[in-house]
Structure formats: C-alpha cells, structure tokens
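For clarity, every value in this text was computed on a predicted model and none was experimentally measured.
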Amino acid sequence: RAKLLAPYVPQTQGGCLFRLGNECASLCVFFLLYCCKTEYINFHFADIHTEAVQAALAKHKEQKMALPMPTKRRSTFVQSPADACTPPDTSSASEDEGSLRRQAALSAALHQSLQNAESWINRSIQGSSTSSSASSTLSHGEGKGTSGSLADVFANTRIENFSVPPDVTATTSSSSARPATKSFPPGVPVSSRVSTKIQQLLNTLKRPKRPPLKEFFVDDFEEIVEVPQPDPNQPKPEGRQMTPVKGEPLGVVCNWPPALEAALQRWGTTQAKCPCLTALDVTGKPVYTLTYGKLWSRSLKLAYTLLNKLGTKNEPVLKPGDRVALVYPNNDPVMFMVAFYGCLLAEVIPVPIEVPLTRKDAGGQQIGFLLGSCGIALALTTEVCLKGLPKTQNGEIVQFKGWPRLKWVVTDSKYLSKSPKDWQPNISAAGTEPAYIEYKTSKEGSVMGVTVSRIAMLSHCQALSQACNYSEGETIVNVLDFKKDAGLWHGILTSHGLKPEAICPCATSPEAMTIAIRRPGVPGAPLPGRAILSMNGLSFGVIRVNTEDKNSALTVQDVGHVMPGGMMCIVKPDGPPQLCKTDEIGEICVSSRAGGMMYYGLAGLTKNTFEVIPVNSAGSPVGDVPFVRSGLLGFVGPGSLVFVVGKMDGLLTVSGRRHNADDIVATGLAVESIKTVYRGRADGMTVTFSLHLVLYNVGICLTVSMGVYCLALVPANTLPKTPLGGIHISQTKQHFLEGSLHPCNILMCPHTCVTNLPKPRQKQPGVGPASVMVGNLVAGKRIAQASGRDLGQLEDNDLVKKHQFLTEVLQWRAQATPDHPLFLLLNAKGTTVCTATCLQLHKKAERIASVLCDKGHLNAGDNVVLLYPPGIELITAFYGCLYAGCIPVTVRPPHAQSLTATLPTVRMIVEVSKAACILTTQTLMRLLKSREAAAAVDVKTWPTIIDTDDLPRKRLSQIYKPPTSEMLAYLDFSVSTTGMLTGVKMSHAAVSGLCRAIKLQCELYSSRQIAICLDPYCGLGFVLWCLCSVYSGHQSILIPPMELESNLFLWLSTVSQYKIRDTFCSYSVMELCTKGLGNQVEMLKSRGINLSCVRTCVVVAEERPRVSLTHSFSKLFKDIGLSSRAVSTTFGSRVNVAICLQGTSGPDPTTVYVDLKSLRHDRVRLVERGAPQSLLLSESGKILPGVKVVIVNPETKGPLGDSHLGEIWVNSPHTASGYYTIYDNETLQADHFNTRLSFGDAAQTLWARTGYLGFVRRTELTAASGERHDALYVVGALDETLELRGLRYHPIDIETSVSRTHRSILCGCEQEALDLVPLVTNVVLEEHYLIVGVVVVVDPGVIPINSRGEKQRMHLRDSFLADQLDPIYVAYNM
C-alpha cells in the first residue's frame, strides 16, 4: 500500500499525524489497549469502565494539541463501481504472485484515474463502511458518516462543580471546529513523532482479514450458528398497547419545608426532646435514643468540623460539592444518621458504603472503583469501627484492594468542634444539585453510583408520607439496611412509620427509588390482588392465567399503586423502549420528581437509563416526558395495580425464551431431592449428591424446556457473603469461573443447554483435484510445494563421497585419522566416562562382529536387537552388526523399577522384528532373565542373548559389504503419538543420503563439536547419536537425558564449557531446564555458564513446534548469552526421519498467526497478532537439501494451493524403504511410501505420505539460492485429528486452551480437582464450540509420554477405558 501511494502522498516537513506530549501519548496507548481488550474478550461492564477511562481523558482537556487525534480508524479503501478506481486489496491474508500482479495492474489504473491523491484518500476515508474493532467503544455519540476524535472529548467535555459530574461519553463532531489537516491512510509512512508502539497498536486493532475468495464450500467465517426456529404455537400478546398509568396527584401542604435540611432544623429547634431514632440490640433492648435536638446539634457540629477544622483556612480539605464516604457498621444507625445529615448541612455529598472487613471482601474492589471515580479522599466512621478495621504491622489501616488512598475521620462527639453561635449552615431551597450517592451492584459485579438530587429526596419523602398516611408521632420499625434502598428512605429520611396491622409490600430500585407501594389497609378489608400466572407464558413475555396449582405456575401479589405524583409505563426489555401491550411483560419505567438523577460520571449509561422516551409500535415517541428504567419486570393489572415478576439483572435468555433466576432458585428449593451416590477418590470418601433439578422431571426448568448447565454442591458457609449475610451472586459467579469455588461435588449438563453450536460443515460433492487446481490458478494461488537445495549443485569436496556405505567410511577414517576422537560420553557430574576414536570404534566393532558370527551363528541379513543404555556401547554394537552383515534394531532397555510397564514393549519389538539375537550388557541380561521379568513376559522364549562386556580379542576375517546400496541397513522402531508401534526399513543409500544432507545443512566438519542430549533409539535422535559423526568426522559430546534428572546444569554447563556452536535436544530436556533452572539464572551466571557461543540449538521432534516453550527458553536464558535466533526445531516422521532442520545458513525461522476457525475448515488464513481465535505457528526448520515437499488433499490425493491445509508429502533420497511388519501389507506400503499425485504431476514422482497436516507459505525472506524462501508449517498429525460436525480439530489446540484455564493444572492438589470440571467444559465450549462428554482428573505424571516428550494420547484413552488410570475424579457431562 505504501509503495502504491508513495507518488501521491505530499512530503511534509513539519506536519505529523499525532503530536502528543508524553502524558497524552501514554493515555492514548492505554485507551487503545483497553478498547482492544473490551472488543476481544467481551468484558461485561465495558461501558462503565470505558466511560471511566474517558473521564480520565477528559481531565486533560487543557493539554495543547496541534492536530486532532483520530479515534475511529476507517479503511482508506472504498469499493468503487469502476474497477479502475479500486485500490489494492490488502485485506487478503496471502501475498502471492497473483496479488502482486493485481497490485501492478491497479497501480497503472491509479495513474490514470486518480489526479488528486489527497482528495481520493479523504473521499475514501469518509465513505468507508469498515471501522476498527474499537470504533464502537471510542465514539459513542458519533453521527453516521462523521469521524469522531479524542480531540472532541478534550474540546467539548466540561468538568464543572459538584452540581454536574464530568460528562465523559457525550461527544459531538464539528468539522468547522477542527483545524485543517492532511489525512493519511493507515500504513502510509509520514513524518511523525508517534512511537512505533502506538502504530503497532493501531495495526493490532484491525479486524481479522477476510478470506480473499469463496472456496468450494460455505465458509463459517461469520460464525453462522444453528438458531432454533420459533415455536409456531408459542403464546403471543393479544391486548392493546398500554397507556402510561398516573398515580394520584401529590398533595401540596403549605407548611412543608423547602428542603429536608430545613425540616431537620424545624424539628430540631421546635421539638428538640421528641425521640427521632431508637437503636435496639440483638435482644430487642434499647441501646440509644436520639432526639431531634441531639440530631440537629450533632449534625451541626459535624458540618462545621468538616468545613472548617480538617484543613487550614486557605486550604480546606473539603469544599461544598465534594464527595465523602460514610463507613458505618450495621449496628450503629445513630452515628450514621448524624453523619448523613451532617454532610447534607455541610453541602458535601455522602456516599454510604459497607465496612470493609478484609482486603479480599466480596465486591470490595468494585466499591473501590466507585470511590475512585467519585474522587473520594475522605471517609467518615466511628472510633469503634476504626479500631476494628484491618491494620498493618505498623498500626496503619491497610490499603484495600482497588481503593483510593483515604483519610479516615472519626465522627464521635468528643472529636467534633462546636460551631460558633454566628455560624449557620447554608440551607437553600431544594434544587437539582446532588444530595447523596447510593451505590448499586449489577449482576456482573460492577458498582455504579446512583445520584439523588435534593429535590428528588424531598419529593420522595413527600410521596412516601402521602402514600403511607404518615402522621406526626407515629413509629416505624426498620429491619432493613439503613444505608441504602428502602431502609434509608423510610428509616433515615422520613422518620415516620407504618401501622402495625398493615403489611404493605412495595417495589423499589436504586434508579427509580420507590415505584409503587400498597396503601395501608384496615381490618376486614378485602384481600389484595393475587394472580396465578403460567410460567410457560412468562418465558415468552406474555401474561396467561394458570388455574392449576402446580410447579409450572407462579403466584404473584400486587405491590400497590403508582406513587403519588408519578407516572408509570411498561416497555419491552430489549431494543428500543417500545410500549408493551396490556398482556405483555416488560420493564417498568417511572417518570417522577422522586427518582434518581443519573449514574455518577457515566453520562452514556445515564442517557439509556434516566432519559428514556417511550415509543409506540410505529417507533414514534408517545411524549416528551423522560422516564427512568427501574430494572424491574412486571405489568399493570386490573385497577391499575402493579405486579412485579422479576428483575432485569436476573433475566436469563435461552433459545429466545426469558427465565428469571429467582424462579429457578425457588423451584430448586421446592422440589424434593433424590439422593445419588457417587464414588470417587476425591477426599477419600463417598460423596452424596442431590440431583433434584436434573433427575426429577418436574419444576419450572424442564417445563419451560431450559436445562441446567451446572449444578454444584459447596460446603456450608463457604460462598461469598454480602454485608448483610446474603449470598454475593456476582462474586460467587466470579469464583466459579475462576475455579476457586471448591465444590464438594458437581454435575455438568451442557448437552441440554447449548443450542447455538455452529452449523456442520458440508463440503460440496463432486469437486475433484483438477477442479481444485484450476480454482487455485484462477484465484492466483500457487501450488503449495517447496524444496531444499539441489544436491547436484552443491559442492562437496570431502573424500567421503567416494564411499557408498557407512562401514567403508568408518574403515577409511580408522586408517586416515585413527586417533581422531568421534565420541565423548559424559556422566551426571559432567566428567568424561568414555571416549571413542576412529580406530577404537573400528576395532571394537570388529570384535562384536566376530562374536555374532561365532557365538550367535548368525548369517547376513539376520536381525539383531541392541539393548543398551545411552552410550558408546550402543554405537559400537551398531557398527559391529553392520560389519557382520546383520540388521541392527535399537531398542530402549526396560526400566528396572517398572518392568511390568516397559518390558512388554521390548518383547513386542523382539517378536515383530523376528530378531535372531539380542546384544546387551551383563546387567541387562540378568534383568531379562530375572524372576521379576518372568512375571511380566515369558522369559523362556527370548532369542539368544549375548553380552558384550567382555569381548574376545579376535579379529573378523572379512567385513561384510552389501551387494547394493538398496540393501537394508537397519530397522527403526518407534511408538507414534497415536500409540502404534511401527518399524521402518532404512537402506544404506538412505543412510548415506541422510548423513550427507545433515552435514551440508549444519556445515559439519572434522574440526566441529556438537552436543547431543537426546534418546538414541529411533528417528533423528538415533541418526545424530550413532551415524553423523562417523560420516562427517565431527566430535559428538553425548549427554544421556536421564542424567539431567540428577543434575539440571549438566547440558548447559557442557555447552558452555566446550564452547559448543551446535547442540541438539528434545522438548523434554528443554522443558526440564525451563522449569528447573528458569529461576536460577543468577546461579548459572555465578557458575560461569555462558551460552553466547551457541549458534543453533535444535529441538528434535515429530510434532507441531511448541512455540511457547521455545520462546520461554530463549527469554529465560538470554541473560547468559543465548541468542533468540539460535533456538529452532526439526520435523520428521516415520517415513522420513529428517525433512526439516534449521542448520546454519538461510533465513531465521518465521512465525505466522493463523485463524483457528479457518484451520478447522482446512483453510489457512493469516491474521494480525492479537486477533481473536488466532493461533501462533512457527516454521519447522529449513527443508533439507534434496528434499521436496508438496501439500496434498489426503482424500483426493490432489495438490492444494498455499491457502489450504493438507497432508505433507515428501520425496527425498533418504526416505525409508517401507514398513517392517510380520505380515507385509503391500497396499499399505504402496499408499505410504510409493504413492503418486492423482493430478498435476507429469513426472509421476513417487511420494511418501508423512501423516502430518501442514501448509507452505512463501515468505519475503531470501533463501541461500537467492530465491524467496518457502516455509513449511506443521499443524498436527492426521491420525490424531478429531472430525466433528465436518470440522477438523487438533488435540494440541484443545489441550492448550485447557492448560490456560487454571493455575492448578499440572501442579495442583486433589482438593482443587472439582474446580477444573466446569472450567474445562467452559473453555472448550467457548473457544472450540465443542461439548465435553467426560472430564477425567488424574495425578501429575499419569499421562504417558514417549522419548521425544510427546503425549501418547491413544494409550491414555485405552488406559481410561480399561479402568487403569486411578483418577482423582471423573465427571460425566450428562
């Protein structure tokens, strides 16, 4: 894009896209990071936090800014009807030859059609329909077609005094107010002082790129979900549209005070001795009685102290309009009442909160967020409460999590200053200025402050007094929380009471305050309104009467009539505030002076809640009177009676039907439990579980077709509690999602609840490989193939080329360089145990060959099993077999402590390979014939066992030379990750070709040293351990991996001591060093370990590269000199043990981010870093010389394009000859080793199928040949993939998601086992759209792992099905 637009972009000298100070730049970075976070992870209370962030930004409006900061990034390219005007398509994930040709054509078209590049850029910016993922968060009040900016927030936001908190969401865009600037599209280089970090963040916020072309099946890129069709028989509302219901007029009394503070002054001076409040203890005895006179005098003293005694005269701590926190315990209403009215008299705004008991109180962090957003720095409390707060060791009050720093002020009388006689508080008529702020907790746990004005407070008291017929001298008994809701309104503000014979339920909410209240009755009056409603109808939002008294019915009673002076309507809960019909359930909205004013500091949410204009069915407003959303669900019944059926916060929408949490809880408590016994190892006892909601087929849940997702039993009194002792719902949910709920037992039932899984993928039938190739050519895609360097063009001056067999090379080296060391074996202490020169290796191999001929009576071509621990003895035995003409088979020796598990594998390989002899040590020979071994296998059927500890000094008469190089050299047996034991045949030609390719790739010569920490029994590990040194002549320092268990420093210290440039290891070794030495880097430095000499650190594997592990290893040990470019991986398979190896020449390994959803469709789509559902993949090293790979459809066997995922096929001189089995399956041999492409290969090349899925991408890097480098990426084994609903899943992706869910995975205790069940089920469902059937929690170390550190998943499954795991817990998700 930059190259195409460079001729048209004017070069400015002083102008820049951003001009920011350091402070604004950091704010911009934070804001972009936050928007990215809210977009990707769907943060529940994003609106609240976003507005708070914008409030912080608004405070910097005085910052001087030369140019506006764009907040809404739009695509600079707009689709034009004229093809010539279409700018280059950079949203495609692939950069190939076709796209380059298109860009060249588009460049020529741009020269002809675009005369003014600047106008085109501006036009495309204004007309684009694509916005970044942060646009919805950054521009709330933006009109269509305009682009808002953060400059608008700075310019148009006002921070006024206490009367109006800062409006941080409402922004306006004015083109005339902006300075004229040149606009540049993203990606165009401009002269700018913006850091590259901000530009990187801007690029990160781009949406994932769309696929360039439709392929041969419908792609689920937009996540098409299978939505259940609505029930045609569902009840629908049939009534007429309701009209707002008015309450009785609010009576006007001439002697009512103009403000609540004036009422206090009147009663405090005229009726000073009349009791105002009496506090009772838990036994009901009066503790303290507060008279009106005491309330007035003590409130006056507190007001004077707050304004005049906390600071100096010139710098007071508090000013009118400031906010203060009221922290009083529930057993001290007297002190709270004095503090509340004292704040009102001082014209400061009280914010009552609960007393924090610990640093980890439920919801405490959200309370701290409210205090911080309100700018509170002062907290009022009592002396007793202050002493009870948690303290540090120094006696200071602890800093509560998430709270701002507070100054604590004690309001006991002895600490207050008496006001002078000439000082009087400023009591004005009640207006719209804030009186107090009441906190409200949403169902997600976020806390908002509902601001109540002085006029609303006064009007509310008047309405309550009129509705309840309060009169002077009556008494109210208040058992509610006096700090909020109805307890505050009735007990603290009205100071009147209900008549004892009346039970008058009321409906309240923090936003609308009292919505309706049943008027006090008289004895003998008729019963209040009562309705029995159908739960089935309620789930559809419709009122239907249920005459049968059963669990499917909900009985509700009225909450009286609308408050005096108020007006009520019912609007639809979702979408625009459309008026409901008379038989429809909706959200109750109230218009009254006696209601909340706003959410403090959250003007955007305030507009949606406190300024609602109802509309009719046509969408037209029904008036201009704003209503307040109450958050309550209900309807207006006969006689204008108000019925409440639930809360918006408790609403659950499932399959288009709405259910209320309170009803579900009530049903669970009402249904009789059924006892079911589950036996498990958790806690070592039998646990009893009540499955009443699932197994008992009655109740609301099953009646309304809503299943229970999870049912958990927790120990008594362990759930998070609210300050008044109730269950803290949001905190409980958070603990459940975090895995810290610690249930006694748990039952997951996701199959009955999840109804919106993606549609199954359906491939279009009849699409053959020829059509795929033609489609790729039309789309400009190249065929996915790559190759290493051509062996014919490589100069190799070594004399080894003239030798055809490895035995000839060893004989030649024994003559030419007899004292040259080839191998050096280290023990756990790092000391040399054994060495082998060329001559020593040759002579010992001759002795072993002589023993095989004399003792074993073997003939050429017989198979010999080599059973040795990792060391030089294994190498000498291997070459002894070659000298005798026998076929060596290297086998891992059995473990003495676990013979029953390891010896059967040895026995199986001996039988499958039809070995005529076993070469081993005396120790292992005794173990094979021991009594313990006899319990595991039949020791009498072992073939001839020969120990090679004491060899006779007899030379071999003649060294065997194979007639052709295609003769078999050795057998390579290995257990794959799918649990299959397979042996492959390696010919002498393949051995020589493989050693030569590795030598050329790694530049191995006689003067080089390499360190090998690998198991030497199969694959590339065996080749590096036994073969390469003899062929290349370099010295191999051998480190048995088992020695690292007793000395973690062994490998790294050896590399440092010998200044090794090239080292090879396995993932097991790397993981062991990362976990064991990651926190001991300083100790490594003190030991003098330095890894700056390492040029390549290669991980030998047959799997997808573990990018996180290699990155962690590089970062941890970079302080001791390890280069981040040194670590790389290899790739091999059973058919070809070495396909890729990084080597010393060529570009560094590349990484890409691919879309995980597309990967499930066998599609490869590159995305930006940080994109949702992105997967990081690393290149598996460079392709070896002489190797060719092609990506093939495993079903049609046709070649694929580079945007497809397919099976990796390989052709090379060192490919194995075939499988070695008892029954030679010729069909399997031909299909895996000698197969051809079904289309598109004129040369009819013979390919070998690796059984691994991957893709090839052409990079921008230059290979050693001078051409662009083709990178091979391995995704996973084909046999391990799961095909569900037509989608392909790789186990490693699911395992990665599971491993991130909880810190206890891999290192937890049994007590946390049940916490993992819902977490595992949730994460697999959310990230992979799969429902887990069984979750098995086992002890660490139970999962079988092969010598390369790869999981044996099939063995694990078979062990579970055979009941051999001894699990901690098994959860069957029903």
Side-chain angles (χ1 to χ4, degrees), residues 761 763 905 908-909 912 972-984 1018-1020 1067 1101-1106 1130-1137 1139-1140 1156 1159-1162 1164 1175 1177 1180 1189-1198 1200 1204-1210 1215-1216 1218-1221 1223 1225 1227-1235 1247-1255 1272-1296 1328 1330 1333 1343-1362:
R761 166 189 169 194
K763 293 184 180 181
T905 304
M908 186 187 305
I909 297 177
V912 171
D972 189 327
F973 275 88
S974 173
V975 178
S976 67
T977 55
T978 56
M980 292 183 60
L981 176 66
T982 55
V984 293
C1018 61
L1020 188 55
Y1067 278 124
E1102 295 182 6
E1103 60 175 315
R1104 178 198 298 179
R1106 303 185 195 176
T1130 68
F1131 170 61
S1133 66
R1134 287 282 72 211
V1135 299
N1136 193 311
V1137 296
I1139 299 172
C1140 297
L1156 203 54
L1159 214 58
R1160 299 182 190 127
H1161 294 276
D1162 294 339
V1164 178
L1175 173 66
L1177 294 176
S1180 299
V1189 295
V1190 64
I1191 305 302
V1192 181
N1193 187 320
E1195 298 171 0
T1196 65
K1197 298 184 179 180
L1200 295 172
H1204 287 262
L1205 180 71
E1207 186 181 7
I1208 302 171
W1209 286 16
V1210 60
T1215 300
Y1219 288 126
Y1220 186 90
T1221 54
Y1223 310 104
N1225 190 334
T1227 306
L1228 190 65
Q1229 298 276 11
D1231 186 54
H1232 280 214
F1233 288 91
N1234 301 301
T1235 185
W1247 299 90
R1249 303 181 62 172
T1250 64
Y1252 284 83
L1253 295 175
F1255 60 93
L1272 175 65
Y1273 298 91
V1274 179
V1275 178
L1278 178 62
D1279 291 340
E1280 286 190 345
T1281 57
L1282 311 173
E1283 287 209 28
L1284 301 171
R1285 300 195 310 277
L1287 304 178
R1288 193 188 302 276
Y1289 293 87
H1290 298 271
I1292 183 63
D1293 297 326
I1294 300 175
E1295 292 167 1
T1296 303
H1328 303 279
L1330 295 176
I1343 298 176
I1345 295 176
N1346 64 11
S1347 60
R1348 296 181 298 274
E1350 301 162 346
K1351 298 186 185 74
Q1352 303 288 290
R1353 299 181 178 91
M1354 300 300 180
H1355 278 312
L1356 182 64
R1357 180 199 62 186
D1358 296 340
S1359 299
F1360 170 70
L1361 295 178

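Of all heavy-atom pairs between V984 and A1216, the closest is CB-CB, 4.0 Å. Across T1215 and A1248, no two heavy atoms sit closer than the pair CG2-CB, 3.7 Å. What you find for Y1067 and P1105 is that their closest heavy atoms are OH-CA, 3.2 Å. Counting all heavy atoms, side chain and backbone alike, L1200 lies closest to L1205 at CD1-O, 3.7 Å. Closest of all the heavy-atom pairs between V1135 and R1249 is CG1-O, 3.3 Å.
Looking at residues two or more places apart in sequence or on another chain, you find a side chain to side chain contact (heavy atoms under 4.5 Å, CB included) between T905 and I909. Judged as a side chain to side chain donor-acceptor pair (under 3.5 Å), and not counting sequence neighbours, T1250 has no contacts. The side chain to side chain donor-acceptor pair (under 3.5 Å) check on H1328 picks up R1160, S1297, with sequence neighbours excluded. Contacts of L1278 classified as side chain to side chain contact (heavy atoms under 4.5 Å, CB included), with partners at least two apart in sequence or in another chain: P1194, E1207, L1253, T1281, R1288.
Atom CD1 of I1208 and atom CD1 of I1139 lie 7.0 Å apart (nearest 0.5 Å). Atoms CZ and CD1, from R1106 and I1292 in turn, are 7.0 Å apart once rounded to the nearest 0.5 Å. Here Y1289 contributes atom OH and L1330 contributes atom CG; the two are 4.0 Å apart, rounded to the nearest 0.5 Å. Taking OG of S1180 as the reference point, atom CD of E1103 lies at 9.5 Å (rounded to 0.5 Å). Between the CG atom in L1020 and the SG atom in C1140 there is a gap of 11.5 Å [rounded to 0.5 Å]. Separating the CG atom in L1272 from the CD1 atom in I1191 is a distance of 6.0 Å, to the nearest 0.5 Å.
Between Y1220 and F973, the two ring planes are perpendicular [angle over 60°; tilted spans 30° to 60°].
The closest side-chain heavy-atom distance from E1102 to V1274 is not below 4.5 Å. Taking the side chain as every heavy atom from C-beta outward, H1204 and V1164 never approach each other to under 4.5 Å.
Checked for salt-bridge contact, R1104 and D1293 meet the test: a charged N lies under 4.0 Å from a carboxylate O.
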*K1351 vs L1356, side chain to side chain contact (heavy atoms under 4.5 Å, CB included): CA-CA, chis, key distance, verdict*: CA-CA 9 Å; K1351 298 186 185 74; L1356 182 64; over 6 Å; no
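Between the R1134 side chain and the D972 main chain, a donor and an acceptor come within less than 3.5 Å of each other.
Of the residues W1247, Y1219, W1209, the one that meets the ring pair (Phe, Tyr, Trp, His ring centres under 6.0 Å) test with F1233 is Y1219.
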